[in-house]
A.B. asks: 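I'd like to ask some things about the structure below.
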Protein chains: 2
Amino acid sequence: METRNTFQKSLVLKAIQDLHHPTADGVYGLVSAGCPTISRGTVYRNLNALVEAGKLRRVGIPDGADRFDASVTDHYHIRCSRCGAVTDIDMPFQRDLMKQAGDVHGYLIESHDIIFKGICPDCRLPDDIV
Amino acid sequence: METRNTFQKSLVLKAIQDLHHPTADGVYGLVSAGCPTISRGTVYRNLNALVEAGKLRRVGIPDGADRFDASVTDHYHIRCSRCGAVTDIDMPFQRDLMKQAGDVHGYLIESHDIIFKGICPDCRLPDDIV
DNA sequence: ATTTATGCAAATCATTTGCACATAG
DNA sequence: CTATGTGCAAATGATTTGCATAAAT
């Protein structure tokens, strides 16, 4: 299937780069500000196409809408349990875990995701101990 | 809020123990075989109550309905990219990753989840190389 | 007796899809 | 030109919720 460059697709890609880890709805909000006629369906279709094309990463979040990430290199995410913000975590990718996991039950491991949950510096209160 | 023991709740808990990592719909299927009058709403409410009570673990699966796990101890999961089955992985829990992740950006880490993706032994074909 | 749980149906939220029209190549 | 993309609205799938009734304590 050939793929075409449309104005709408470029706006969606730009929105992902300008927002950090937005939901599809967040993208729609920003894009529709500059292009009021765009539809949610088009935003979803373009998000899927860009993920498919490897220009975007989809981050599945338990208990919530998918997030989209302009960075497609291997890395992990953390979600603040208070404000809900999703952020990249700048720590080494644990490639060895995949081998470990595969050895245990004879799976051929393709990938892995780690989602941390915690309280971000902004939401942290003086007496927070976990 | 007080919590009561109902016939329906016990059926839901038993279903989770008998199935492995079922979805809410899977639970509904098994439970309604023995109790045809139970409603999906009740299944969902009981699943939530049991998770809340710490008797069950909810496993969020990217691209799919939540799964429920009778084992509440710390462990990871793998999902077969062919048949979709979700299984526990019997490997050490990486407690040190939480400290690493927290140190990087000043978060107070509460927990983490790892979801592996791969091909299970049953779905694996002779020429599968990943 | 009082409060929590149930069954039903309608509601919500995220996402996908069918269709007629527009547009990129 | 012709296939792919768009806007719209309706459809889907998972889950939640309001309400009157039933059951647990």
Side-chain angles (χ1 to χ4, degrees), chain A residues 1-16 19 21-53 55-69 77 79 84-86 115, chain B residues 1-16 19 21-53 55-69 79 84 86 115:
Chain A
M1 194 214 300
E2 292 295 305
T3 187
R4 294 178 184 183
N5 294 324
T6 65
F7 180 53
Q8 291 85 337
K9 182 182 284 188
S10 70
L11 290 177
V12 167
L13 186 54
K14 185 162 187 317
I16 300 282
L19 304 165
H21 302 89
T23 60
D25 213 58
V27 172
Y28 175 75
L30 182 58
V31 168
S32 64
C35 175
T37 58
I38 201 171
S39 70
R40 272 193 176 72
T42 295
V43 169
Y44 276 102
R45 272 184 290 232
N46 278 314
L47 287 171
N48 289 338
L50 289 164
V51 168
E52 190 73 20
K55 296 190 176 161
L56 226 57
R57 171 170 171 188
R58 181 193 308 272
V59 184
I61 301 291
D63 274 342
D66 285 355
R67 305 288 184 134
F68 295 87
D69 193 335
H77 294 94
R79 176 158 189 258
V86 173
I115 304 264
Chain B
M1 196 212 300
E2 291 295 305
T3 187
R4 294 179 184 182
N5 294 324
T6 65
F7 180 53
Q8 290 84 339
K9 183 183 284 186
S10 70
L11 291 178
V12 167
L13 186 53
K14 185 163 185 320
I16 300 284
L19 303 166
H21 302 91
T23 60
D25 212 58
V27 171
Y28 175 74
L30 181 57
V31 167
S32 64
C35 175
T37 58
I38 202 170
S39 70
R40 274 194 173 72
T42 295
V43 169
Y44 276 103
R45 272 184 291 233
N46 278 314
L47 286 171
N48 289 338
L50 289 164
V51 168
E52 191 73 20
K55 295 188 178 163
L56 225 60
R57 171 170 173 188
R58 181 193 307 273
V59 184
I61 302 290
D63 273 340
D66 285 355
R67 305 288 184 134
F68 296 87
D69 191 337
R79 176 160 190 257
V86 173
I115 305 263

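Residue numbers start from 1 in every chain, and the chains themselves are labelled A, B, ... in the order their sequence lines are given, proteins ahead of strands.
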A.B. asks: Taking the side chain as everything from C-beta on, heavy atoms only, tell me whether A:I16 gets closer than 4.5 Å to A:L47.
C.D. replies: yes
A.B. asks: Under 3.5 Å between N/O atoms: give me all the protein pairs with nucleotides 10-12 of chain D, atom names plus distance.
C.D. replies:
none

A.B. asks: Would you say the side-chain atoms of B:S32 pair up with the backbone N or O of B:Y28, donor to acceptor, closer than 3.5 Å?
C.D. replies: yes
A.B. asks: Working to the nearest 0.5 angstrom, can you tell me the gap between B:I115 CD1 and B:R79 CZ?
C.D. replies: 9.0 Å
A.B. asks: For the pair made of CZ in B:R67 and P in D:dT15, what is the distance, rounded to whole Å?
C.D. replies: 10 Å
A.B. asks: Taking only the side-chain nitrogens and oxygens of B:Q8, find out if one of them lies under 4.0 Å from OP1 or OP2 of D:dA23.
C.D. replies: no
A.B. asks: Using a cut-off of strictly less than 4.0 Å, decide whether B:S39 has a side-chain nitrogen or oxygen near OP1 or OP2 of C:dT6.
C.D. replies: no
A.B. asks: Where do A:N48 and A:L50 land on the side-chain contact (heavy atoms from CB on, under 4.5 Å) test, with the steps shown first?
C.D. replies: CA-CA 5 Å; A:N48 289 338; A:L50 289 164; over 6 Å; no
A.B. asks: Can you give one letter per nucleotide of nucleotides 16-25 of chain C, 5' to 3': B if a protein heavy atom sits under 4.0 Å from the base, S if only from the sugar-phosphate, - if neither?
C.D. replies: BBB----BBS
A.B. asks: What is the separation between atom CG on B:L50 and atom P on C:dA5, rounded to the nearest whole Å?
C.D. replies: 11 Å
A.B. asks: A:Y28 OH to C:dT15 P: how many Å, rounded?
C.D. replies: 15 Å
A.B. asks: Rounded to whole angstrom units, what separation is found between the CG atom of A:L47 and the P atom of D:dT6?
C.D. replies: 11 Å
A.B. asks: Quick one: closest heavy-atom pair of A:D66 and A:G60, and the distance?
C.D. replies: OD1-CA, 3.8 Å
A.B. asks: Measuring from the side chain of B:I38 (C-beta onward, heavy atoms only), which nucleotide among C:dG7, D:dG7, C:dT15 has the closest atom?
C.D. replies: C:dG7
A.B. asks: Does some side-chain heavy atom of B:V27 sit less than 4.5 Å from a side-chain heavy atom of B:D25?
C.D. replies: no
A.B. asks: Indicate yes or no: at least one non-hydrogen side-chain atom of B:L30 is less than 4.5 angstrom from one of B:P22.
C.D. replies: no
A.B. asks: Testing A:R58, A:R57, A:H77 for side-chain hydrogen bond (donor to acceptor under 3.5 Å, both in side chains) with A:D69, which one passes?
C.D. replies: A:H77
A.B. asks: Any side-chain donor-acceptor pair under 3.5 Å between A:K9 and A:T42?
C.D. replies: no
A.B. asks: Using 0.5 Å steps for rounding, measure from the CZ atom of A:F68 to the CG atom of A:L19.
C.D. replies: 12.5 Å
A.B. asks: Between C:dA14, D:dT6, C:dG7, which nucleotide gets closest to the side-chain atoms of A:N46?
C.D. replies: D:dT6
A.B. asks: Would you classify A:T37 as touching base, sugar-phosphate or nothing, given that sugar-phosphate means primed atoms plus P, OP1 and OP2, and contacts are heavy atoms under 4.0 Å?
C.D. replies: sugar-phosphate
A.B. asks: Roughly how far, to the nearest 0.5 Å, is the CD atom of B:E52 from the CG atom of B:N46?
C.D. replies: 13.0 Å
A.B. asks: In degrees rounded to 10°, what angle is found between the helical axes fit to the five outermost pairs at each end of the helix from C:dA1-D:dT25 to C:dG25-D:dC1?
C.D. replies: 40°
A.B. asks: Rounded to the nearest angstrom, tell me the gap between atom CG in A:L11 and atom P in D:dG5.
C.D. replies: 16 Å
